[in-house]
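Any value given below was found using the heavy atoms of this structure, including those in side chains, with hydrogens, waters and symmetry copies removed. Source: prediction; values computed, not measured.
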There are 2 protein chains.
Amino acid sequence: MSNSRPRQRMKPCCMELEGGIRNRGLRMTLPRQLVAQVLESADGYLSAEDIYSIIREEYPAIGLATVYRTLVLLDEMGIVNRYNFGEGRARYIAAEDQTAEHHHQLICERCYKVIKYSDFSEDERELYKKVESVLSEKHGFEIKRHIVQFHGICPDCRKESQNESSNSDV
Amino acid sequence: MSNSRPRQRMKPCCMELEGGIRNRGLRMTLPRQLVAQVLESADGYLSAEDIYSIIREEYPAIGLATVYRTLVLLDEMGIVNRYNFGEGRARYIAAEDQTAEHHHQLICERCYKVIKYSDFSEDERELYKKVESVLSEKHGFEIKRHIVQFHGICPDCRKESQNESSNSDV
DNA sequence: CTGACTGCAAACCCTTTGCATCATC
DNA sequence: GATGATGCAAAGGGTTTGCAGTCAG
């Protein structure tokens with residue numbers, strides 16, 4: 001009582017992923033390709049469930065547990081980055097964006113909408129680098145990445161709360 | 001089958017908390033005092049379970065659910081701040097430290113040790129303020145706070161991984 | 001006294017794990 | 001073929017919620 005869902009074959013692609021996988025003596029499989037692909041072509045932060053839903057449309061045989069397992073793997077390999085915006089669930093994004101075009105976030109406390117931005121000033125860029133090296137030396141940490149988030153209320157949610165109470169003094 | 005644990009009476013204290021509670025037409029109770037107190041006298045980031053354990057030593061009648069409920073309340077009131085360091089559980093810290101002596105964090109990816117620091121340079125302080133106002137205007141956000149975290153490996157965990165493999169090239 | 005608050009236990013939700021089966025190498 | 005990877009279902013761990021009893025105002 002197990003093969004209600006036939007497993008599907010891998011299709012050949014995803015050069016980038018393959019290197020990491022093969023290096024570690026692991027196998028290249030369809031689910032791994034799909035998860036990586038979905039994240040690469042996504043423009044925002046996706047939850048495991050999001051990724052699962054997208055994959056499911058075309059490949060209903062893939063299971064959620066595998067998506068989770070794959071995300072752990074891709075995170076360890078540095079191909080994706082995991083974020084936690086306080087929703088009670090993790091969100092993932094392709095790591096390229098993270099290195100080549102590093103970004104920070106603006107997060108709505110109400111609806112958890114996330115806006116990412118990477119148009120830093122030169123001052124900003126330099127400062128983070130400097131702070132990183134100072135901290136690294138001072139505390140003996142090997143710093144791998146940093147997270148900068150601004151939390152607040154997005155325009156939509158601000159409107160909503162205005163509509164609810166005209167005498168706003170909270 | 002309910003009163004195995006007698007509830008305890010409130011003791012008078014915590015001026016600061018009381019204001020917020022009373023303002024909202026809520027009631028001042030012992031659990032609320034205790035949670036606030038524990039967080040105020042703590043020097044690090046505590047999980048709900050941590051807080052529960054500490055309270056439990058002296059007041060075994062208080063329940064974990066109440067601690068959670070209180071933390072939601074205190075967070076909403078701005079008395080504590082909730083952080084998520086990726087452990088899969090939230091951690092809390094008294095908000096005073098957050099405003100008066102705002103701090104950022106250095107987090108170990110392995111053991112989740114958290115070092116907080118607040119010895120910012122003047123450059124740093126100014127930059128964050130500037131970025132905040134720029135973003136706020138550009139995206140229409142009402143920014144309430146920011147989170148800056150540097151993730152890496154702490155000295156202890158670095159030692160450990162060296163011991164495991166003498167030929168370290170990871 | 002009344003309704004807010006609590007403790008308890010059960011429910012929830014996200015994530016991980018065990019196991020038999022399947023497919024990559 | 002051998003063994004790593006998968007799908008499913010069940011377990012785990014943190015957090016929330018329903019409910020009846022309790023206490024602050």
Side-chain angles (χ1 to χ4, degrees), chain A residues 1-12 14 17-18 21-35 46-53 55-56 59-76 82-92 112, chain B residues 1-12 14 17-18 21-35 46-53 55-56 59-76 82-92 112:
Chain A
M1 61 191 82
S2 60
N3 38 2
S4 50
R5 276 190 184 187
R7 239 200 275 178
Q8 275 152 315
R9 290 285 172 73
M10 181 182 66
K11 59 179 182 181
C14 296
L17 217 199
E18 249 184 285
I21 295 271
R22 295 269 145 74
N23 273 351
R24 299 185 157 218
L26 302 176
R27 291 177 183 174
M28 196 56 207
T29 64
L30 180 64
R32 284 172 181 173
Q33 276 184 16
L34 292 173
V35 173
L46 303 185
S47 68
E49 194 73 39
D50 291 339
I51 297 165
Y52 175 57
S53 301
I55 291 177
R56 214 184 199 193
Y59 300 86
I62 271 82
L64 178 57
T66 300
V67 172
Y68 274 105
R69 277 187 284 233
T70 303
L71 287 170
V72 170
L73 181 65
L74 296 182
D75 184 27
E76 282 173 6
R82 206 179 80 188
Y83 282 95
N84 212 309
F85 298 124
E87 296 165 283
R89 104 191 66 198
R91 286 187 176 273
Y92 300 82
Y112 291 107
Chain B
M1 61 188 80
S2 60
N3 40 1
S4 50
R5 277 188 182 189
R7 241 201 277 179
Q8 275 151 317
R9 288 287 171 69
M10 184 180 66
K11 60 179 183 179
C14 296
L17 215 198
E18 248 182 288
I21 295 273
R22 294 269 146 71
N23 274 352
R24 301 185 155 218
L26 302 176
R27 291 177 181 175
M28 195 57 205
T29 63
L30 180 62
R32 286 172 179 173
Q33 276 183 17
L34 293 174
V35 172
L46 302 185
S47 67
E49 193 74 42
D50 290 340
I51 297 165
Y52 175 56
S53 300
I55 291 177
R56 211 184 201 195
Y59 301 86
I62 273 80
L64 178 57
T66 300
V67 172
Y68 274 105
R69 279 187 282 234
T70 304
L71 286 170
V72 170
L73 180 66
L74 296 182
D75 184 25
E76 282 172 6
R82 205 179 82 187
Y83 283 95
N84 210 309
F85 298 123
E87 295 167 284
R89 102 190 68 195
R91 286 187 175 275
Y92 301 82
Y112 292 107

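Side-chain atoms of Arg32(A) lie closest to dA5(D) of the nucleotides dT6(C), dT15(D), dA5(D).
Remark: the Ser53(B) side chain and the Asp50(B) side chain contain no N/O donor-acceptor pair separated by less than 3.5 Å.
Within the 4.0 Å cut-off from OP1 or OP2 of dA23(C), not a single side-chain nitrogen or oxygen of Thr29(A) is found. Considering only side-chain N and O atoms, Ser47(A) lies nowhere under 4.0 angstrom from the phosphate OP1 or OP2 of dC14(C). For Tyr68(B) and dT16(D), the shortest distance from a side-chain N or O to OP1 or OP2 is not below 4.0 Å. The side chain of Arg22(A) places an N or O atom within less than 4.0 Å of a non-bridging phosphate oxygen (OP1 or OP2) of dC25(C).
Taking atom CG of residue Leu34(B) and atom C1' of nucleotide dG7(C), one finds them 15 Å apart after rounding to whole Å. Atom-to-atom, CZ of Arg24(A) to P of dG4(D) comes out at 15 Å; the value is rounded to the nearest Å. Taking atom CD1 of residue Ile55(B) and atom C1' of nucleotide dT6(C), one finds them 13 Å apart after rounding to whole Å. The distance from atom CG of Leu30(B) to atom C1' of dT22(D) is 13 Å, rounded to the nearest whole Å. Whole-Å rounding puts the Glu87(B) CD to dG14(D) C1' distance at 11 Å. In this entry the distance linking CG of Leu71(A) with P of dT17(C) reads 14 Å, nearest Å. Spacing between atom CD of Glu76(B) and atom P of dT16(D) amounts to 11 Å, rounded to whole angstrom units. We find that CZ of Arg82(B) is positioned 8 Å from P of dT15(D), with the value rounded to whole Å.
Ranked by how close their nearest DNA chain C nucleotide is to the 5' end, Gly25(B) and Ile21(A) are led by Gly25(B). Sequence order on DNA chain D of the closest nucleotides to Leu26(B) and Ala90(B) puts Ala90(B) first from the 5' end. Map Thr66(B) and Arg27(B) each onto its nearest nucleotide of DNA chain C; the residue landing nearer the 5' end is Arg27(B).
For Arg89(A) against dT15(C), no side-chain N or O and base N or O form a donor-acceptor pair under 3.5 Å. Interface remark: the Arg69(B) side chain does form a donor-acceptor pair with the dG18(D) base, using a distance-only criterion of under 3.5 Å.
Here the closest heavy-atom approach between residue Arg24(B) and residue Leu73(B) is recorded as NH1-CD1, 4.3 Å. Across every non-hydrogen atom of Leu64(A) and Ala48(A), the tightest pair is CD1-O, 4.3 Å. Here the shortest heavy-atom pairing between Ala90(B) and Arg82(B) reads CB-CG, 3.8 Å.
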Any chance you could lay out the side chain to side chain contact (heavy atoms under 4.5 Å, CB included) test for Val67(A) and Leu34(A), step after step, and finish with the verdict? CA-CA 9 Å; Val67(A) 172; Leu34(A) 292 173; over 6 Å; no

